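Here is the naming used below: chain letters follow the sequence lines, and residue numbers restart at 1 for every chain. Values in this document were obtained by computation on a predicted structure and should not be read as measured data.
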Amino acid sequence: QQPVQSPQAVILREGEDAVINCSSSKALYSVHWYRQKHGEAPVFLMILLKGGEQKGHEKISASFNEKKQQSSLYLTASQLSYSGTYFCGTETNSNSGYALNFGKGTSLLVTP
Amino acid sequence: DGGITQSPKYLFRKEGQNVTLSCEQNLNHDAMYWYRQDPGQGLRLIYYSQIVNDFQKGDIAEGYSVSREKKESFPLTVTSAQKNPTAFYLCASTGTGGTQPQHFGDGTRLSIL
């Protein structure tokens, strides 16, 4: 049930754009995105609910394609502070207790 | 300031020893979770609890135990049956009543002596 994230790692120069994908083999109710700096707690970015909505948070936005059971996180004009590991967490209709299945993460490094 | 507090930050376990990781929240959240994080593996769910005195096993519950006697507290015991306990452990909580973000503690790093 673990969603699959791609790519595993990406290196950007400051100001470049990146896309991180999250795919599930099961029907999804919601997708959560988090960013984690090394040795720290994951920080919430956004939630997308089924319905194909797109959300934005400063220069970070995401989409959710319910039919394809996929979500994508878009980072535009990347900043040094965007470096970290990005995780998607998925909630399927069969889940209870709002427990999430997390992907293995995508490591993002933004260089000057 | 509301949040989740995990303690200790670092913990060492001897062979055959049980150790308990503390997780306390003052967010008035009903649901609490324990995750294990290994390099390159993401976060894997150990146990979760929706209400006091009730909890469910996650994907990797073997070798772990939990209790939920108070709404604010959800301690995790790593038993001697867990043969590979070295990992970063994260506690999280969330409000109920619809999909809401999970709030994480700062984690406990457990190592074997």
Find out whether A:L100 and B:Y35 are in side-chain contact, i.e. whether some heavy atom of one side chain is under 4.5 Å from a heavy atom of the other. yes
Under a 4.5 Å side-chain heavy-atom rule over Ile, Leu, Val, Met, Phe, Trp and Tyr, are A:F64 and A:L75 clustered together? yes
Run the ring-centre check on B:F104 versus A:F44 and record whether the distance is less than 6.0 Å. no
B:F88 with B:V66, same ILVMFWY side-chain cluster at under 4.5 Å: no
Under 4.5 Å from a heavy atom of chain A, the part of B:L43 involved: both
If we define contacts as heavy-atom pairs under 4.5 Å, which of A:G105, A:G89, A:P42 has the most with chain B? A:P42
Chain A contact via B:Q37 - side chain, backbone, both or neither, heavy atoms under 4.5 Å: side chain
Measure distances from A:Q2 to the heavy atoms of chain B and classify the residue's part below 4.5 Å as side chain, backbone, both or neither. side chain
Using heavy-atom distances under 4.5 Å, tell me whether A:Q5 contacts chain B through its side chain, its backbone, both, or neither. neither
Under 4.5 Å from a heavy atom of chain A, the part of B:D59 involved: side chain
State plainly whether one hydrophobic cluster holds both B:Y47 and B:Y33, where clusters connect Ile, Leu, Val, Met, Phe, Trp and Tyr through side-chain heavy atoms under 4.5 angstrom apart. no
More than 12 heavy atoms from other groups under 6.0 Å of NZ on A:K68: no
Rounded to the nearest 0.5 angstrom, the NE2-CD distance for A:H32 and B:Q102 is 7.0 Å
Between B:G42 and A:F87, the two heavy atoms sitting closest are CA-CE2, 3.5 Å
Once you round to the nearest 0.5 Å, how far does CD1 of A:I47 lie from CD of B:Q100? 7.5 Å
Is it the case that more than 12 heavy atoms not belonging to A:I11 sit under 6.0 Å from its CD1 atom? no
Taking all atoms of both residues into account, what is the closest heavy-atom pair of A:A41 and B:G105, and its distance? CB-O, 2.9 Å
B:E62 CD: over 12 foreign heavy atoms closer than 6.0 Å: no
Kindly work out whether a path of hydrophobic side-chain contacts (I/L/V/M/F/W/Y, heavy atoms less than 4.5 Å apart) joins B:L45 to B:Y89. no
Looking only at heavy atoms, what is the nearest atom pair of B:L90 and A:Q36, with distance? CD1-NE2, 4.0 Å
Cluster overlap B:V78 with B:F55, hydrophobic side-chain contacts below 4.5 Å: yes
